Engineer: 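So that we are looking at the same thing, I have put the structure below in structure tokens.
For clarity, every value in this text was computed on a predicted model and none was experimentally measured. A, B, ... follow the sequence lines: proteins, then strands. Residue 1 opens every chain. The figures that follow rest on heavy atoms only: side chains count, while hydrogens, waters and symmetry mates do not.
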2 protein chains.
Amino acid sequence: MHLPAVDGTHHAALESWVESANASDTDFPVQNLALGVFRRRGSTSLPAIGAAIGDKIFDLRACFDMGLLDVLPPAARLSCTGWSLNNLMGAGREIAAALRRRISELLRADSALRPEAALVKMKDAEMLLPAEIGDYTDFYASVHHAANVGRMFRPDNPLLPNYKYLPVAYHGRASSVVAGGAPVRRPSGQIQAGGEAPVYEPSRMLDYESEVGMFIGRGNALGTPVPIVRAEEHLFGFCLLNDWSARDIQAWEYQPLGPFLAKNFATSISPWVVTADAMAPFRAPLERTTADPAQLPYLQSDWNDASGAFSIAIEVWLRTARMRSDGISAQRLSRGNFESMFWSPAQMIAHHASGGCNLRSGDLLGSGTISGPGEQSRGCLMELTERGTKPVQLASSEQRSFLEDGDEVILRGYCERPGFRRIGFGECRGIVEPSSTL
Amino acid sequence: MHLPAVDGTHHAALESWVESANASDTDFPVQNLALGVFRRRGSTSLPAIGAAIGDKIFDLRACFDMGLLDVLPPAARLSCTGWSLNNLMGAGREIAAALRRRISELLRADSALRPEAALVKMKDAEMLLPAEIGDYTDFYASVHHAANVGRMFRPDNPLLPNYKYLPVAYHGRASSVVAGGAPVRRPSGQIQAGGEAPVYEPSRMLDYESEVGMFIGRGNALGTPVPIVRAEEHLFGFCLLNDWSARDIQAWEYQPLGPFLAKNFATSISPWVVTADAMAPFRAPLERTTADPAQLPYLQSDWNDASGAFSIAIEVWLRTARMRSDGISAQRLSRGNFESMFWSPAQMIAHHASGGCNLRSGDLLGSGTISGPGEQSRGCLMELTERGTKPVQLASSEQRSFLEDGDEVILRGYCERPGFRRIGFGECRGIVEPSSTL
């Protein structure tokens with residue numbers, strides 16, 4: 001496989017006839033064309049697939065109905081008529097690329113057509129999950145995160161022996177993946193509160209984890225591994241992902257089979273999917289040193305170390321209930337980058353399928369908490385506050401060791417590179433609601 | 001909630017006009033009425049829902065077409081027209097019970113009607129997965145299994161501190177759940193073979209795990225726990241489950257987040273679902289002693305300790321390629337019982353939802369390996385051969401520490417109680433195929 005190349009759709013000079021897409025601070029210039037599923041607010045209309053453009057949504061079903069997609073192969077245009085991106089994801093990278101080129105043509109300033117009737121204001125739309133997620137897998141691919149967390153438990157030996165040989169992962173819960181914006185109810189669960197027996201109480205150590213999510217495009221058959229050189233053919237695109245975690249529930253339950261109720265009460269994702277094609281200009285080398293062990297052959301390719309990673313800055317912002325009522329804006333807690341991962345998306349996919357596990361279109365992979373080497377790049381409160389011992393100070397004179405009810409966590413992500421237009425991921429938001437106990 | 005009572009559908013004296021259902025050794029007498037999804041072999045007909053009766057399938061869509069279900073509420077009869085049991089599962093226990101009573105009426109020897117046109121021979125049908133499985137969760141509910149495995153790693157302290165306080169579980173892989181009969185490809189994966197670095201090779205320690213599977217009926221909303229007294233309203237029925245496991249892959253990968261590739265290459269389930277209503281006569285007390293700690297209130301009910309469990313004998317049979325070619329029949333390796341679990345299905349459901357996780361109709365819960373106190377009741381080779389150190393001797397003069405290519409594993413399950421008709425689960429079969437490496 002050749003990595004998808006930078007092409008005409010990425011040119012920095014391109015502008016759109018949709019004015020808001022030309023603003024310097026928009027996440028959605030015509031170079032991005034992130035895809036999602038939306039429904040017009042307050043209407044009875046069915047969900048539809050759209051492309052983000054400035055502060056508008058380009059309704060692709062309306063485009064289909066207007067005949068604007070007739071130049072495309074049937075698989076490309078028919079995939080725009082459904083209520084989820086699964087069909088487009090399953091059609092493969094070439095079909096997705098053909099659709100991208102057509103949307104780009106239609107939205108560029110030099111387009112002969114200006115189908116304004118297909119535009120919907122983002123503020124008039126409710127965003128839904130972009131795909132039916134069959135399975136959700138969460139990786140642990142940031143070596144900095146793994147080392148920071150490991151150091152709390154094993155100061156002399158923070159990384160386990162397998163960490164640099166395989167991308168550690170576990171199966172998450174697909175049913176509780178929600179589109180950003182949905183409130184997140186604090187879980188109750190068993191907690192060791194000092195007595196001999198645990199208690200069942202609302203979690204006192206609720207945390208976020210800032211991650212990148214990856215959607216599987218074409219699937220693989222059960223029993224058929226995916227060679228790493230072809231792994232990116234199965235990668236459709238990226239979103240932001242908040243893997244909400246209850247640290248006290250996790251500490252008590254996780255031995256020996258891993259996290260369960262500590263994570264399955266909610267996972268929020270940003271509703272816009274930035275396609276792998278849109279990411280072509282933002283590839284990056286992997287975070288490896290010559291001291292790290294050689295990769296096993298099934299995790300190696302001639303391009304993986306040099307450009308298997310993707311540069312996505314990811315920021316965590318917090319706004320408490322008091323900050324909202326006092327009119328104080330959200331405060332940034334950290335900024336990390338997806339390029340500082342030890343494992344690439346291609347390696348995660350190749351490893352996931354290496355025993356024959358079948359990945360299906362619409363499956364979601366989380367990267368694991370994205371933390372970098374610096375203190376300001378720690379992607380969860382557990383790391384940032386060193387297990388709650390060094391609370392974060394907020395502009396509202398409040399402080400936080402872990403999340404309180406009413407706190408809103410906002411993830412933001414974007415890609416920048418000299419010579420290219422900045423593209424963004426929009427936001428992944430969630431407000432913590434009080435627990436409902438039994 | 002009152003536990004479903006034994007009623008007229010369970011009477012031991014009932015016979016069917018389908019002769020084979022009256023044989024003493026059938027798994028599917030008219031007292032069972034297990035449900036499944038089948039397709040007529042070699043035809044282009046769509047899948048349909050059926051009830052098992054002797055060596056036949058009672059085609060419920062045919063019954064619907066013939067007007068035989070018209071006496072039922074719409075939710076009950078319409079749920080018989082689909083290609084999976086999900087709608088029936090979601091309709092709730094009362095609807096399922098109404099359907100059961102109607103099928104019983106139609107199949108009993110005293111039925112005024114004998115709709116033979118709705119019968120399909122089992123040998124003319126291919127069984128499919130009974131439901132679309134959104135999420136698959138695997139528990140670890142046999143205290144004997146947990147202790148046997150724990151003892152291999154921690155001789156002095158086999159059970160971890162949380163074991164008797166909460167039903168330990170992890171999220172499994174839904175995509176690789178297959179209907180029994182499908183071949184199972186030996187996975188390749190990273191194995192620690194003695195060198196400093198692991199190798200990527202076919203697993204040398206492939207194992208089965210004999211379990212009971214439970215299907216979720218009515219779901220619960222995200223953020224809304226399920227009180228234990230109502231938990232069985234969400235339990236639709238039972239099947240047999242083989243949680244194939246690669247022990248060498250598991251040993252290397254599972255720290256700190258639990259099993260991943262060691263389990264996600266295949267999980268086989270028996271295609272017939274024995275409904276919770278059919279199980280009413282076979283309730284049993286939980287495996288608890290007064291020395292065990294008190295349960296937290298959200299896991300307690302007035303009936304759980306005395307009758308929260310279900311008595312299901314589960315046997316593991318093995319037939320190697322040589323046994324097949326020499327005409328030697330399958331050999332029984334073990335027999336355990338689901339009643340020897342430390343946690344009841346109601347407790348598993350209540351715990352699963354206790355932090356707000358939403359269970360959906362068609363979700364699958366595995367019990368975890370079912371092992372009893374005796375050596376002959378150990379439900380996996382890891383326990384039975386003590387990690388391969390005491391190989392099993394076979395009638396073919398072969399021996400097995402772990403599974404070899406060509407081995408067929410057959411799970412069989414049944415319920416017996418004096419005064420009631422024996423009912424069975426059919427079989428869950430799988431033959432091991434050679435690995436495909438990268």
Engineer: Can Gln255(B) and Tyr163(A) be counted as having a side-chain donor-acceptor contact under 3.5 angstrom?
Structural biologist: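 No, no side-chain donor-acceptor pair sits under 3.5 Å.
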
Engineer: Under 4.5 Å heavy-atom distance to chain B, tell me which part of Pro227(A) shows up: side chain, backbone, both or neither.
Structural biologist: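 Looking at Pro227(A), backbone and side chain both touch chain B.
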
Engineer: Looking at every heavy atom in both Val199(A) and Leu296(B), which two are closest together, and how far apart are they?
Structural biologist: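 Nearest heavy atoms, Val199(A) then Leu296(B): C-CD1, 4.0 Å.
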
Engineer: Quick one: which of Ala353(B), Ser203(B), Pro259(B) has the most heavy-atom pairs under 4.5 Å with chain A, could you say?
Structural biologist: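 Of Ala353(B), Ser203(B), Pro259(B), Pro259(B) has the most heavy-atom pairs under 4.5 Å with chain A.
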
Engineer: What class does the angle between the rings of Phe139(A) and Phe260(B) fall in, given that below 30° is parallel, 30 to 60° is tilted and above 60° is perpendicular?
Structural biologist: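 Plane angle over 60°, so perpendicular.
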
Engineer: Using a cut-off of under 4.5 Å on heavy-atom pairs, state which of His351(B), Lys164(B), Lys263(B) scores highest against chain A.
Structural biologist: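 Heavy-atom pair counts peak at His351(B).
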
Engineer: Among Gly356(B), Gly172(B), Pro293(B), which has the most heavy-atom pairs under 4.5 Å with chain A?
Structural biologist: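 It is Gly172(B).
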
Engineer: Rounded to the nearest 0.5 Å, how far does CG of Asp138(A) lie from NE2 of His171(B)?
Structural biologist: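 The distance works out to 11.5 Å.
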
Engineer: Heavy-atom cut-off 4.5 Å, strictly under: side chain, backbone, both or neither for Val178(A) against chain B?
Structural biologist: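 Contact with chain B is through the side chain of Val178(A) alone.
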
Engineer: Just by distance, do the side chain of Tyr170(A) and the backbone of Pro256(B) share a donor-acceptor pair under 3.5 Å?
Structural biologist: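 No, the answer is negative, given that no donor and acceptor are paired below the 3.5 Å cut-off.
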
Engineer: Restricting to side-chain hydrogen bond (donor to acceptor under 3.5 Å, both in side chains), what partner residues turn up for Glu253(A), sequence neighbours left out?
Structural biologist: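 Testing Glu253(A) for side-chain hydrogen bond (donor to acceptor under 3.5 Å, both in side chains), a comparison that skips the adjacent residues, returns none.
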
Engineer: Using a 4.5 angstrom heavy-atom cutoff, name the option from Ser176(B), Gly189(B), Pro187(B), Ser354(B) with the most pairs to chain A.
Structural biologist: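 Between Ser176(B), Gly189(B), Pro187(B), Ser354(B), the count favours Ser354(B).
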
Engineer: Under 30°, 30 to 60°, or over 60°: which ring-plane class applies to Trp252(A) and Tyr165(B), parallel, tilted or perpendicular?
Structural biologist: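 Tilted, since the angle between the ring planes falls between 30° and 60°.
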
Engineer: Flag the pair Gln190(A) / Tyr298(B) as yes when at least one side-chain heavy-atom distance between them is below 4.5 Å, and no otherwise.
Structural biologist: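 Yes, side chains in contact.
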
Engineer: Show every ring-ring contact (aromatic ring centres under 6.0 Å, His included) that has at least one partner inside residues 172-195 of chain A, sequence neighbours left out.
Structural biologist: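 For residues 172-195 of chain A, and leaving out neighbouring residues, there are no ring-ring contact (aromatic ring centres under 6.0 Å, His included) pairs at all.
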
Engineer: Against chain A, work out which of Pro198(B), Ala197(B), Gly134(B) has the most heavy-atom pairs shorter than 4.5 Å and name it.
Structural biologist: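 With the most close heavy-atom pairs to chain A, the winner is Pro198(B).
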
Engineer: Check each atom of Tyr140(B) against the heavy atoms of chain A and say whether the ones under 4.5 Å are side chain, backbone, both or neither.
Structural biologist: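 Contact with chain A is through the side chain of Tyr140(B) alone.
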
Engineer: Considering only heavy atoms and a distance below 4.5 Å, find which of Asn162(A), Val168(A), Asp363(A) pairs most often with chain B.
Structural biologist: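 The answer is Asn162(A).
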
Engineer: Which residues, numbered in order, of residues 215-225 of chain A come under 4.5 angstrom of chain B by heavy-atom distance?
Structural biologist: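 Residues Leu222(A), Gly223(A), Pro225(A) are the ones that qualify, each having a heavy atom under 4.5 Å from chain B.
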
Engineer: For Arg173(A), is there any backbone N or O sitting under 3.5 Å from a side-chain donor or acceptor partner on Asp135(B)?
Structural biologist: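 Side chain of Asp135(B) to backbone of Arg173(A): no pair is present.
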
Engineer: So for Leu160(B), is it side chain, backbone, both, or neither that comes closer than 4.5 Å to the heavy atoms of chain A?
Structural biologist: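 Only the side chain of Leu160(B) comes within 4.5 Å of chain A.
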
Engineer: Under a 4.5 Å heavy-atom cutoff, which of Tyr200(A), Tyr136(A), Tyr254(A) has the most pairs with chain B?
Structural biologist: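 Among the listed options, the one with the most contacts to chain B is Tyr200(A).
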
Engineer: Measuring heavy-atom distances to chain B, does Leu261(A) have an atom under 4.5 Å in its side chain, in its backbone, in both, or in neither?
Structural biologist: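 Just its side chain gets close to chain B.
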
Engineer: Going by side-chain hydrogen bond (donor to acceptor under 3.5 Å, both in side chains), name the pairs with one or both residues in residues 179-189 of chain A, residues two or more places apart or in two chains.
Structural biologist: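 Pairs touching residues 179-189 of chain A that pass the test: Arg186(A)-Asp405(A), Ser188(A)-Ser435(A).
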
Engineer: Side chain of Ser175(B), backbone of Asn358(A): donor and acceptor closer than 3.5 Å?
Structural biologist: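 Yes; at least one donor-acceptor contact below 3.5 Å.
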
Engineer: Taking atom CD of Glu132(B) as the centre, does the number of heavy atoms from other residues, nucleotides or ligands within less than 6.0 Å exceed 12?
Structural biologist: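 Atom CD in Glu132(B) is not crowded, with 12 or fewer foreign heavy atoms closer than 6.0 Å.
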
Engineer: Tell me, for Pro161(A) versus chain B, whether the close heavy atoms (under 4.5 Å) come from the side chain, the backbone, both or neither.
Structural biologist: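 Both backbone and side chain.
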
Engineer: Of the backbone (N, CA, C, O) and the side chain (C-beta and beyond), which part of Leu299(A) lies under 4.5 Å from a heavy atom of chain B, both, or neither?
Structural biologist: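 Interface part for Leu299(A): side chain.
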
